[in-house]
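In each ligand, atom 1 is the first atom listed, and ligand 1 is the first ligand listed.
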Amino acid sequence: METCSFAIYPGTFDPMTSGHVSLIERGLDVFESIVVAVAKDTPKTPLFSLEERVEMAQEVFADNPRVSVEAFHGLLVDYVAEHGTRVILRGLRAVSDFEMEFQMALMNRRLNRHIQTVFLMTDYRWLYISSTIIKEAAKVGGDVSGVVPDLVHERLKKKYAELAGAT
Ligand code: COA
């Protein structure tokens with residue numbers, strides 16, 4: 001089998017955090033390019049629409065031709081196979097991520113045994129962050145600058161201001 005020059009980095013990205021950005025940058029040390037795949041079908045109820053999540057991630061990497069961002073729906077392994085690669089990239093923050101990631105990697109392998117999941121460690125600076133904890137802080141006016149890209153910070157403020165106005 002041929003080796004793969006690019007990996008697919010899937011997630012909900014609701015929204016993309018500095019941890020995701022750092023992981024993609026690490027991934028680029030290993031792969032020539034990365035496709036960020038923003039999931040429509042996710043077990044979560046996202047704050048941002050699929051279009052908003054894709055648009056924000058695209059803006060974050062607008063100056064990097066080695067990173068592209070797309071939406072996907074349906075089974076991840078089918079999407080990966082359609083792209084002609086066999087590599088799913090995922091990040092691990094702490095031991096707590098391991099169980100879920102292990103489950104997902106094994107399920108994906110059962111669904112398509114030619115597809116491999118490659119894990120990279122998250123930079124220690126982002127070990128404690130998650131999209132949920134960032135949203136929780138931003139919702140009640142906490143300053144989340146730095147833990148998300150600047151443009152995401154602005155979009156979070158705008159989103160919560162809109163939601164507050166609507167109630
Ligand atoms: N630094 C900081 N935080 C990180 C991180 C990093 N490097 N990597 C992930 N996280 C956080 C995210 O912020 C997110 O936080 P949250 O749970 O508070 O939202 C969490 O870790 C994981 O999010 P993410 O990386 O976006 O992935 P996900 O678990 O939301 O993605 C899919 C799951 C989309 C990959 C999975 O549901 C899927 O493949 N869906 C398609 C349908 C399918 O094929 N299902 C079968 C799968 S077996």
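- Remark: H20 NE2 to S130 OG distance equals 9.0 Å, nearest 0.5 Å.
- Here the straight-line distance linking atom CD1 of I115 with atom CZ of R86 works out to 9.0 Å at 0.5 Å rounding.
- Screening Y79, Y9, F72 against V35 for a side-chain contact (heavy atoms from CB on, under 4.5 Å) leaves a single residue, Y79.
- The closest protein non-hydrogen atom to atom 41 (C) of ligand 1 is D41 O, 3.4 Å.
- Put simply, OG1 on T122 and CG on D97 are 7.0 Å apart, with the number rounded to the nearest 0.5 Å.
- Between V148 and S18, the closest heavy-atom pair is N-OG, 3.2 Å.
- Among all non-hydrogen protein atoms, the one lying nearest atom 22 (C) of ligand 1 is K44 NZ, 3.6 Å.
- At a threshold of 4.5 Å between non-hydrogen side-chain atoms, the residues T12 and V38 do not count as touching.
- Not a single N or O atom of T42, backbone or side chain, sits closer than 3.5 Å to an N or O atom of ligand 1.
- The shortest separation from a heavy atom of G11 to ligand 1 is under 4.0 Å, placing the residue in contact.
- Residue-to-ligand polar distances place I129 within reach of ligand 1: an N/O pair is separated by less than 3.5 Å.
- For the pair K135 and D14, the salt-bridge criterion is met [side-chain N within less than 4.0 Å of a carboxylate O].
- In terms of protein heavy atoms, atom 1 (N) of ligand 1 is closest to G19 CA, 3.2 Å.
- Of the listed options A39, A37, G91, S130, A39 places a heavy atom closest to atom 34 (C) of ligand 1.
- Between the CD1 atom in I88 and the OG1 atom in T117 there is a gap of 4.0 Å [rounded to 0.5 Å].
- With V148, T132, L92 as candidates, the residue nearest to atom 16 (P) of ligand 1 on a non-hydrogen basis is T132.
- On a distance-only criterion, L76 and ligand 1 share at least one N/O pair closer than 3.5 Å.
- The protein heavy-atom contact nearest to atom 42 (C) of ligand 1 is G74 O, 3.4 Å.
- Not a single N or O atom of L75, backbone or side chain, sits closer than 3.5 Å to an N or O atom of ligand 1.
- Of the inter-residue distances, the one linking E52 atom CD with K159 atom NZ reads 3.5 Å to the nearest 0.5 angstrom.
- Nearest heavy-atom pair across A105 and F119 is CB-CZ, 4.1 Å.
- At a 4.0 Å cut-off, not a single heavy atom of D14 sits close enough to ligand 1 to count as contact.
- Look at S18 and you'll find every heavy atom at least 4.0 Å from all atoms of ligand 1.
- Close approach of ligand 1 to M107 (heavy-atom distance below 4.0 Å) involves ligand atoms 48 (S).
- Protein heavy atom in closest approach to atom 35 (C) of ligand 1: R90 NH1, 3.8 Å.
- Checking only distances, N108 never comes within under 3.5 Å of ligand 1, N or O to N or O.
- No heavy atom of K135 sits closer than 4.0 Å to any atom of ligand 1.
- Protein heavy atom at the shortest distance from atom 36 (C) of ligand 1 is M104 SD, 4.2 Å.
- A donor and an acceptor atom, one from each side chain of E70 and H83, are located under 3.5 Å apart.
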